[in-house]
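Presented below is the structure to which this report refers.
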Amino acid sequence: MKLKKGKLLIDQHDKNGFWGGKFGGNFIPETLKKPIGDLTVLFEKLRRDKNFLKERDYYYTNWVHKGPTPFIKLENLTKYLGGAQIWAKVVSEARGGAHKIYGAITAAMLCKRMGKKFLVTDTGAGYNGKMFSIAGKHFGLKVKVFMGFKDILRQKPNCDAMRANGAEIVPVYTGSQTLVDAVSEVMRYWVSNNDTTHLGVGSTVSSNIFVKICGWSTAQISRELKKQILDEFGKFPKKVKLLNCVGGGSSAYGLWSEFIDFSKRQFDFIGIEAAGPKNSKLHAAPLSMGAKLGVLHGSMAYCCQDKEGQINETESISAGLDYPGVSPLHCYLKDAGRAHYVARTDEDALEAYKTVTKYEKLNPSLEPCHAFAEAIKIAPKLSKETILIVNSCGDALKDRDILRQRLGKLK
Ligand SMILES: *Cc1c(COP(=O)(O)O)cnc(C)c1O
């Protein structure tokens, strides 16, 4: 399985929508074939349309954030750990506090072009719902957000934000009442409402076109980072490691996209999944803790499942990572040997939160704290010439209640 150079990874699929011959595809009900076909044609046309790109660039580079989101050296943390240099791409500075704003803007722009008035989506940590509520409000669309009941209870600040922006939260009581069920329900809803409603998926998951639209959107992160690295270092350093937490995988794809053609030795990719509570059998780490290929939400990918092939319940302190599947893009990167994946526990993430906030003026949410945990672990063993870049992709404001419970205090 070989990656092609000079072609975006999102476009490296075969005519049936599979990456590497087996990941992704279109496992969809008959009734969705037409709306998904129409969306595919529209998106492929618009991504080559100058006006559409101009509008996108305006939103991505002026509205999401004035200019690129910050790329900063974490001087104190670097000194404390005494090894590799630690840098952060502070994507949490984007409007709304996380990378999902990119996909939300794209979804709202597509919804408008199709003349649809309703925009629906799933959410886990609540960030995706919040971003869709922000984008929907800006574009005058009615937004419905499907969210597991368990997540509604644990991510109150984001739910408040969604309601304040006029979005409706549809609680999902089925299954584990988390993201996996929210995605199933929103897809079910879309089957019967696709004539008036556009579906935006919150990560690089689901059937082929949704993976592409989301990856195309978050890739903005690495377009910015590429320029910022050159500005900072004058050239591309010899040894860089790009660390990103992986739930569905949209922020990690976004961070890596522009660097995939570089050698692994120069730009190494480490994806960090959620191992769940220490000693728990449940986890949300299909790439690193052993999972089989299965079909979930319209695509073939590694997912956590039992012996009979039923999707397993997952467990993680971070709602954003609490998902049994993962993007086919990451399955492909793993099988091609271009990226590797590890898992960190709830406790590791909490410990990392304490360390990062002790040394730096940064407040990463529990999802990127999984990536910081890995950076903190490996940095002391690496040379000072090695550059570790962590995508600090979310702000901890949404985790306020959990952090107070588990750490007894907040920064
Ligand atoms: C949704 C979310 C994630 C996980 O989703 P990806 O598609 O893997 O990026 C990670 N971090 C934050 C802050 C999120 O909101």
Side-chain angles (χ1 to χ4, degrees), residues 69 88-104 121-132 134 145 147-148 151 154-155 157-158 161-162 178-180 182-183 200-206 210-211 213-222 242-257 269-274 284-288 297 301 314 316-331 333 339 341 343-344 349 353 362-372 390-399 402:
T69 58
K89 173 73 173 149
V90 193
V91 175
S92 60
E93 292 275 316
R95 189 182 287 243
H99 61 284
K100 292 202 178 75
I101 192 69
Y102 296 108
T121 194
D122 58 86
T123 201
Y127 264 136
N128 194 51
K130 179 179 171 190
M131 303 312 171
F132 270 67
I134 294 172
V145 180
M147 187 170 189
D151 291 335
R154 64 178 166 170
Q155 306 281 211
N158 277 348
M162 284 180 244
T178 61
L179 180 59
V180 64
V183 180
V201 177
S203 187
T204 38
V205 298
S206 184
F210 291 112
V211 174
I213 294 174
C214 186
W216 181 83
S217 306
T218 54
Q220 176 66 18
I221 299 167
S222 58
L242 300 178
L243 282 74
N244 209 119
C245 60
V246 175
S250 66
S251 49
Y253 177 75
L255 184 74
W256 299 346
S257 164
F269 303 155
I270 308 176
I272 298 94
E273 299 184 303
L287 293 170
S288 54
H297 298 142
T314 54
S316 167
I317 191 169
S318 76
L321 303 183
D322 206 351
Y323 182 68
V326 70
S327 176
L329 299 172
H330 289 287
C331 299
L333 286 170
Y341 299 84
R344 298 267 75 94
Y353 179 81
L362 196 67
N363 197 28
S365 71
L366 287 166
E367 291 84 9
C369 281
H370 285 72
F372 277 114
V390 179
N391 184 358
S392 195
C393 58
D395 188 276
L397 182 67
K398 72 167 177 69
D399 294 326
I402 302 170

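Ligands are counted one by one from 1 in listed order, and the atoms in each one are counted from 1 as well.
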Using residues 92-101 as the side-chain source, report each donor-acceptor pair under 3.5 Å to any protein atom, sequence neighbours left out, with the distance given to one decimal.
{"unit_1": "Arg95", "atom_1": "NE", "unit_2": "Trp63", "atom_2": "O", "d": "3.0"}
{"unit_1": "Arg95", "atom_1": "NH2", "unit_2": "Trp63", "atom_2": "O", "d": "3.3"}
{"unit_1": "His99", "atom_1": "NE2", "unit_2": "Ser250", "atom_2": "OG", "d": "3.3"}

Problem - Test ring pair (Phe, Tyr, Trp, His ring centres under 6.0 Å) applied to Tyr323 - qualifying residues, sequence neighbours left out - result: His297
Handout entry: Which residues share a salt bridge (Lys or Arg N to Asp or Glu O under 4.0 Å) with Lys89, sequence neighbours left out
Key = Glu224
Practice task
Can you see which heavy atom on Glu273 is nearest to which on Pro286, and at what distance?
Solution key: OE2-CD, 3.3 Å
Practice task
Answer yes or no: is there a donor N or O on one side and an acceptor on the other, between the side chain of Gln155 and the main chain of Asp399, under 3.5 Å?
Solution key: no
Problem - Tyr127 side chain vs Asp395 backbone, donor-acceptor pair below 3.5 Å - result: yes
Between the protein and ligand 1, which nitrogen or oxygen pairs come in under 3.5 Å, and how far apart is each?
{"unit_1": "ligand 1", "atom_1": "7 (O)", "unit_2": "Ser203", "atom_2": "OG", "d": "2.5"}
{"unit_1": "ligand 1", "atom_1": "7 (O)", "unit_2": "Gly249", "atom_2": "N", "d": "3.1"}
{"unit_1": "ligand 1", "atom_1": "7 (O)", "unit_2": "Ser250", "atom_2": "N", "d": "2.7"}
{"unit_1": "ligand 1", "atom_1": "7 (O)", "unit_2": "Ser250", "atom_2": "OG", "d": "2.7"}
{"unit_1": "ligand 1", "atom_1": "8 (O)", "unit_2": "Gly247", "atom_2": "N", "d": "2.8"}
{"unit_1": "ligand 1", "atom_1": "8 (O)", "unit_2": "Gly248", "atom_2": "N", "d": "3.1"}
{"unit_1": "ligand 1", "atom_1": "8 (O)", "unit_2": "Gly249", "atom_2": "N", "d": "2.7"}
{"unit_1": "ligand 1", "atom_1": "9 (O)", "unit_2": "His99", "atom_2": "NE2", "d": "2.9"}
{"unit_1": "ligand 1", "atom_1": "9 (O)", "unit_2": "Ser250", "atom_2": "OG", "d": "3.3"}
{"unit_1": "ligand 1", "atom_1": "9 (O)", "unit_2": "Ser251", "atom_2": "N", "d": "3.0"}
{"unit_1": "ligand 1", "atom_1": "9 (O)", "unit_2": "Ser251", "atom_2": "OG", "d": "2.6"}
{"unit_1": "ligand 1", "atom_1": "15 (O)", "unit_2": "Lys100", "atom_2": "NZ", "d": "2.6"}

